[in-house]
Amino acid sequence: MGMLLIGIWASKSTNDVGDFYLGGRKLGPFVTAMSAEASDMSSYLLMGIPGLAYLSGVADAGWTAAGLVVGTYLNWLLVAKRIRKYSDRLNAITIPEYFKRRFKDEKNILLFISASFILVFFVPYTASGFAACGKLFASLFGVNYQLAMIVSAVVIVGYTTTGGFLAASETDFVQSIVMTAALFIVLGYGVFQAGGVDAVIQNAKTLPGFLDFNATYNNATHSADPYNIFHKVSMFCWSLGYFGMPHILLRFMAIENPEKLKLSRRVASVWVVFSLGIAVILGIVGRAMTLNGTMKNLVDAADPTSSAKAETLIVVLADHISKNGVLFSLIGGVIIAGILASTMSTSDSQLIAASSAVSENIVQGVFHVKLSEKMAMFIARATLILVAGLAIVIAWNPNSSIFSIVSFAWAGFGAAFGPIVLLSLFWKRMNRQGAIAGMIAGGLMVFVWKYLVRPLGGLFNLYELAPAFLVSVLVVVIVSLLTPAPDQEIVDTFEEVKREL
């Protein structure tokens with residue numbers, strides 16, 4: 001209800017599509033920082049990362065978290081201010097529109113390709129959030145998973161369609177606070193129930209490889225499996241994804257004063273270090289509670305859905321807390337709210353980006369359909385509802401893994417958009433042909449590597465983002481150098497933005 005009220009409040013400042021998609025570039029530094037991180041840290045912060053640590057130990061979860069921390073900082077440092085100034089100079093309110101105007105793509109090829117990739121990868125990404133909501137209520141209250149998922153989706157769609165980007169950003173700011181409170185409460189309770197810090201460590205040490213960054217715990221054989229350099233690089237490469245995340249880049253573009261991005265960067269970086277660190281530790285604490293008999297075991301080596309069940313760790317802990325009296329029931333409610341916040345804060349941003357891809361970029365940009373302001377807003381909201389419907393279909397299976405869904409979408413955006421964003425901001429020789437070729441190569445390589453190459457195993461068992469990102473960079477550089485240089489107007493704009501930094 002609170003999120004819907006914020007949506008109604010934000011709707012008073014949403015007068016046109018520019019406000020709906022970018023909030024009129026009126027975000028303050030703290031809202032920019034925390035809404036960016038809340039929209040980034042989806043359900044995998046409270047469910048995916050702890051579940052991964054609970055399942056196999058610190059290696060997978062730890063190296064992933066390290067990559068996310070580094071990627072967050074570099075994205076704020078290298079991209080934030082440049083894309084804010086560049087997009088403002090070009091009067092671009094969406095990422096596809098930035099690509100189009102940066103390279104003077106009069107044929108709208110870049111616009112169409114980038115908008116299409118946003119739809120392809122944001123639908124499953126949004127599905128992961130809906131799946132988290134379904135798992136939460138199904139595990140906690142025993143309600144039907146699909147029903148819980150649909151109701152949650154209706155609430156998210158409700159406030160997002162009402163207030164647009166500003167509503168999404170303001171609610172994300174509130175939700176980031178709730179997420180933080182939930183993490184600290186659950187961690188403190190878990191450590192206490194496990195018998196203290198020493199007990200947590202000693203219990204975890206009984207599982208071979210569980211606390212080793214060079215090994216993972218195998219639940220089937222109760223032994224340690226080696227975790228070599230290729231595994232580490234694979235998980236650390238999550239950092240590359242940040243440069244291509246439309247819902248995060250939009251926050252950079254929306255800040256009112258670009259000079260305050262340094263403050264936003266510091267706030268965001270500190271929050272990410274603490275939140276991801278606690279999320280990894282929470283998985284270890286949860287496993288210690290299982291070992292001392294305080295909490296039921298969520299992992300069964302013979303059960304293929306164990307990874308999905310491990311992701312319900314924080315839900316089980318919230319239920320555990322709420323059974324200790326009225327006061328603890330209220331605390332459990334805060335934790336549940338934190339889980340919902342982590343889901344809603346990402347889903348709303350993804351829905352906004354997907355909506356803009358269709359109504360603003362494809363309908364009006366590619367097909368040149370002239371729409372009134374009122375009709376443009378109607379199509380934007382209708383598209384948002386349609387995307388939500390498709391996401392519900394994808395998330396229909398309650399045994400789907402949140403982490404797996406997110407990792408694929410993350411790779412898709414990171415490889416298709418990341419190299420294009422970085423090179424467009426730092427290399428003036430890059431041209432339209434290079435951008436088009438690189439975007440297609442990166443996006444397609446994610447599918448090729450995941451479904452054709454990675455199953456070969458061995459050295460090929462590398463997270464698809466790394467090879468796809470590299471292929472995209474190489475294609476952009478090679479094609480740009482083999483085709484005519486960009487015209488003088490594009491170069492002049494590049495130099496003007498550079499001088500303003």
Stepwise side chain to side chain contact (heavy atoms under 4.5 Å, CB included) check, Gln146 with Ile392: CA-CA 8 Å; Gln146 285 85 6; Ile392 288 173; over 6 Å; no
Stepwise side chain to side chain contact (heavy atoms under 4.5 Å, CB included) check, Phe130 with Met149: CA-CA 5 Å; Phe130 293 168; Met149 180 180 61; 3.6 Å; yes
Min side-chain heavy-atom separation Ser114-Ile95 under 4.5 Å: no
Close side-chain approach of Val280 and Leu276, heavy atoms under 4.5 Å: no
Side-chain donor or acceptor of Thr94 paired with backbone N/O of Glu97 under 3.5 Å: yes
Nearest non-hydrogen partners of Leu282 and Ile314, listed with the distance: CD2-CD1, 4.2 Å
Verdict with reasoning, Phe252 to Ile248, per side chain to side chain contact (heavy atoms under 4.5 Å, CB included): CA-CA 7 Å; Phe252 300 159; Ile248 299 175; 3.9 Å; yes
Any side-chain heavy-atom pair of Pro467 and Leu462 under 4.5 Å: yes
Sidechain-backbone polar pair: Asn431 side chain, Pro486 backbone, donor-acceptor under 3.5 Å: no
Which atom of Ser239 lies closest to which atom of Gly67, heavy atoms considered: CB-O, 2.8 Å
Side-chain (Ser269) to main-chain (Arg265) donor-acceptor, under 3.5 angstrom: yes
Gap separating the CE atom of Met245 from the CZ atom of Phe121, nearest 0.5 angstrom: 9.5 Å
Least distance between heavy atoms, Ala411 atom then Val446 atom: O-CG2, 3.5 Å
Neighbour count above 12 (heavy atom, 6.0 Å) for Phe426 CZ: yes
Check ion pair Glu500-Lys81 (N to O, under 4.0 angstrom): no
Where Met439 and Ile113 come nearest, the two heavy atoms and their spacing: SD-CG2, 3.7 Å
Flag side-chain contact, heavy atom, 4.5 Å: Pro419 against Phe469: yes
Aromatic ring pairing Trp410/Tyr242, orientation class (parallel under 30°, perpendicular over 60°, tilted between): perpendicular
Whether Phe417 and Phe413 hold their rings parallel, tilted or perpendicular, with breakpoints at 30° and 60°: tilted
Partner of Tyr86 under side-chain hydrogen bond (donor to acceptor under 3.5 Å, both in side chains), chosen from Glu496, Arg102, Lys498, Arg101: Arg102
Side chain proximity check, Leu90 to Tyr98, heavy atoms < 4.5 angstrom: yes
Sequence neighbours excluded, every pair satisfying salt bridge (charged side-chain N to carboxylate O under 4.0 Å, His left out) that has a member inside residues 478-490: Lys104-Asp487, Lys104-Glu489
Ser407 side chain to Tyr463 side chain, donor-acceptor N/O pair below 3.5 angstrom: no
Minimum side-chain heavy-atom gap Ile394-Thr126 below 4.5 Å: no
Atom NZ of Lys260: over 12 foreign heavy atoms under 6.0 Å: no
Residue Phe112 excluded, over 12 heavy atoms near CZ under 6.0 Å: no
Step-by-step side chain to side chain contact (heavy atoms under 4.5 Å, CB included) determination, Glu464 to Met445: CA-CA 8 Å; Glu464 52 270 18; Met445 181 55 68; over 6 Å; no
is_close_aromatic(Trp396, Tyr145), centroid dist under 6.0 Å: no
Neighbour count above 12 (heavy atom, 6.0 Å) for Lys232 NZ: yes
Side-chain donor/acceptor of Ser480 to backbone N/O of Val477, under 3.5 Å: no
Note, Ile109 side chain near Arg432 side chain (heavy atom, < 4.5 Å): yes
Flag side-chain contact, heavy atom, 4.5 Å: Ser264 against Ile255: yes
